[in-house]
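Numbers for residues simply follow the sequence, beginning at 1.
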Amino acid sequence: MFTGIIEAVGTLTALTPKGKDISVTVESGKLDLSDVKLGDSIATNGVCLTVVALTGSGYVADLSLETLQRTAFASYKSGQKVNLEKAMLPTTRFGGHMVSGHVDHVAEIVERTQTGRAIEFWVKVPSHLAKYIAEKGSVAVDGISLTVNAVRGDEFKLTIVPHTALETTMESFKPGRKVNLEVDVIARYLERLMLGEKAAAQSSQVSMDLLARSGFLR
């Protein structure tokens, strides 16, 4: 679990194909790795990754095919800047919101406007995720805990203060940029809970439909 408060900006120094998966090497910048051991989790641009090796100046992690399909990592190249946050501790100051590091989908920056010292962004989300975005609610964009300041259909507005822009990768965001989006985890659980007993029936029907389409039920 994470808070969405970014601790450092790192750099991807290598992306190594491993069959259908990849392995990434991250130069961790000012992130303190003195208390990090193999198997620990570090949110890397909002994606919860497991440390499989420590390099002295960073770490190595593996990304599965599922992660590549769900996130913007498939388009990353060596030199990409990434937001970093170590998993929270029970004693951590909870300055953001509950972030799981399980990205829902890729969203897109569609507008950028300078308003005083702040930067305003409009972000377009996949239509099936729009229902989870609420004005004044929380969302994680590339691992950053942010407040939704306005909503218009399948787009929402973010207002970024100078400190956030300075301490994260958001200063470089421009229209067309793909970002990792994680909606509020409470909203996801609440939706499932409201299905009640229908949740199991729904899953069973989906399984039956898949079997029928595969030709196993004839």
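Residue Arg152 places its CZ atom among more than 12 non-hydrogen atoms of other residues, nucleotides or ligands, all under 6.0 Å distant. Within a 6.0 Å sphere centred on CZ of Arg112, other residues, nucleotides and ligands contribute more than 12 heavy atoms.
Of the N and O atoms on the side chains of Tyr59 and Thr44, at least one donor lies less than 3.5 Å from an acceptor on the other residue. Side-chain atoms of Ser138 and Asp184 include no donor-acceptor pair closer than 3.5 Å. Checking Glu27 against Ser57 by side-chain atom types alone, a donor-acceptor pair falls below 3.5 Å. Between the side chains of Gln80 and Thr11, not a single donor N or O lies within less than 3.5 Å of an accepting N or O. For the residue pair Ser64 and Thr67, a side-chain donor N or O sits within less than 3.5 Å of a side-chain acceptor on the partner. Using modelled atom types, one finds a donor on one side chain and an acceptor on the other under 3.5 Å when comparing Asn149 with Thr159.
Residues meeting the side-chain hydrogen bond (donor to acceptor under 3.5 Å, both in side chains) test with Thr113, sequence neighbours left out: none. Judged as a side-chain hydrogen bond (donor to acceptor under 3.5 Å, both in side chains), and not counting sequence neighbours, Ser41 has no contacts.
Both Phe94 and Val185 are part of a single hydrophobic cluster, where members link through side-chain heavy atoms under 4.5 Å apart. Residues Val148 and Val183 are members of one and the same hydrophobic cluster, defined by side-chain heavy-atom contacts under 4.5 angstrom among Ile, Leu, Val, Met, Phe, Trp and Tyr. Hydrophobic clustering, with ILVMFWY side chains joined whenever heavy atoms are under 4.5 angstrom apart, groups Ile119 together with Val123. Note on Val139: it does not cluster hydrophobically with Met1, by side-chain heavy-atom contacts below 4.5 Å among ILVMFWY residues. Hydrophobic clustering of Ile, Leu, Val, Met, Phe, Trp and Tyr side chains at less than 4.5 Å, counting indirect connections, unites Val51 with Val47.
Between Ala107 and Leu181, the closest heavy-atom pair is CB-CB, 4.1 Å. Contact record, Met170 with Leu146: SD-CD1, 3.9 Å, taken as the closest heavy-atom pair. Of all the heavy atoms in Arg188 and Ser100, the pair that sits closest is NH2-OG, 3.8 Å. Here the closest non-hydrogen pair linking Leu33 and Ser28 is CD1-OG, 3.3 Å. For Ser172 against Arg177, the heavy-atom pair with the smallest separation is OG-NH1, 3.5 Å. Here the closest heavy-atom approach between residue Leu68 and residue Lys20 is recorded as CD1-O, 3.7 Å.
Lys86 places a side-chain N or O within 3.5 Å of a backbone atom of Asp32 that can act as its donor or acceptor partner. Remark: side-chain polar atoms of Glu66 are not paired, donor with acceptor, to backbone N or O of Arg70 under 3.5 angstrom. With hydrogens and angles ignored, the 3.5 Å screen pairs no side-chain donor or acceptor of Thr164 with any backbone N or O of Ile160. Not one N or O on the side chain of Thr147 forms a donor-acceptor pair closer than 3.5 Å with the backbone of Leu158. At least one donor-acceptor pair closer than 3.5 Å links the side chain of Thr55 to the backbone N or O of Gly58. A donor-acceptor pair under 3.5 Å links the side-chain atoms of Asn180 to the main chain of Ala72, judged by distance alone. A donor-acceptor distance shorter than 3.5 angstrom exists from the side chain of Ser78 to the backbone of Thr13, with no hydrogens or angles considered.
Using a 4.5 Å heavy-atom cutoff, the side chains of His128 and His105 are in contact. Residues Tyr76 and Asn45 are in side-chain contact: their nearest non-hydrogen atoms beyond the backbone lie under 4.5 Å apart. The shortest side-chain heavy-atom distance between Asp62 and Thr50 does not fall under the 4.5 Å cut-off. The shortest distance between side-chain heavy atoms of Ile42 and Leu49 does not fall below 4.5 Å. Between Asp142 and Phe173, some side-chain heavy-atom pair lies under the 4.5 Å cut-off.
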Please test Lys174 against Glu108 for salt bridge (Lys or Arg N to Asp or Glu O under 4.0 Å), starting from the C-alpha separation and ending with a verdict.
CA-CA 10 Å; Lys174 293 179 174 60; Glu108 181 181 353; over 6 Å; no
Could you walk me through whether Ile6 and Glu167 satisfy the side chain to side chain contact (heavy atoms under 4.5 Å, CB included) test, starting with their C-alpha distance in whole Å, then the side-chain angles of each, then the deciding distance to 0.1 Å, before giving a yes or no?
CA-CA 7 Å; Ile6 302 305; Glu167 295 297 323; 5.9 Å; no
Apply salt bridge (Lys or Arg N to Asp or Glu O under 4.0 Å) to residues Glu191 and Lys131 and explain how you reach the verdict.
CA-CA 10 Å; Glu191 179 187 43; Lys131 62 185 175 181; 2.5 Å; yes
Before giving the answer on side chain to side chain contact (heavy atoms under 4.5 Å, CB included), spell out for Val82 and Leu12 the whole-Å C-alpha distance, their side-chain angles and the decisive distance to 0.1 Å.
CA-CA 7 Å; Val82 288; Leu12 293 181; 4.1 Å; yes
Determine whether Asp21 and Lys18 satisfy the following criterion, salt bridge (Lys or Arg N to Asp or Glu O under 4.0 Å), listing intermediate values before the conclusion.
CA-CA 5 Å; Asp21 305 337; Lys18 301 282 187 179; over 6 Å; no
Which is it for Thr169 and Asn83 under the side-chain hydrogen bond (donor to acceptor under 3.5 Å, both in side chains) test, yes or no, and what are the steps along the way?
CA-CA 7 Å; Thr169 59; Asn83 298 309; 3.1 Å; yes
Val125 and Glu155: side chain to side chain contact (heavy atoms under 4.5 Å, CB included), yes or no, with the steps?
CA-CA 6 Å; Val125 305; Glu155 298 177 355; over 6 Å; no
Evaluate side chain to side chain contact (heavy atoms under 4.5 Å, CB included) for Val24 paired with Val60, printing each intermediate quantity in order.
CA-CA 6 Å; Val24 296; Val60 178; over 6 Å; no
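To the nearest 0.5 Å, atoms NZ (Lys157) and CZ (Phe121) are separated by 13.0 Å. One distance of note links CZ of Phe2 with CG of Leu84; it measures 10.5 Å at 0.5 Å rounding. In this structure, Glu111 CD and Lys124 NZ are separated by 11.5 Å, a value rounded to the nearest 0.5 Å. Interatomic distance, CG of Leu129 versus CG of Asp154, reported as 10.5 Å (0.5 Å rounding). Rounding to the nearest 0.5 Å places CG of Leu63 at 11.0 Å from OG1 of Thr16. Atoms CE and CD, from Met98 and Glu182 in turn, are 10.0 Å apart once rounded to the nearest 0.5 Å.
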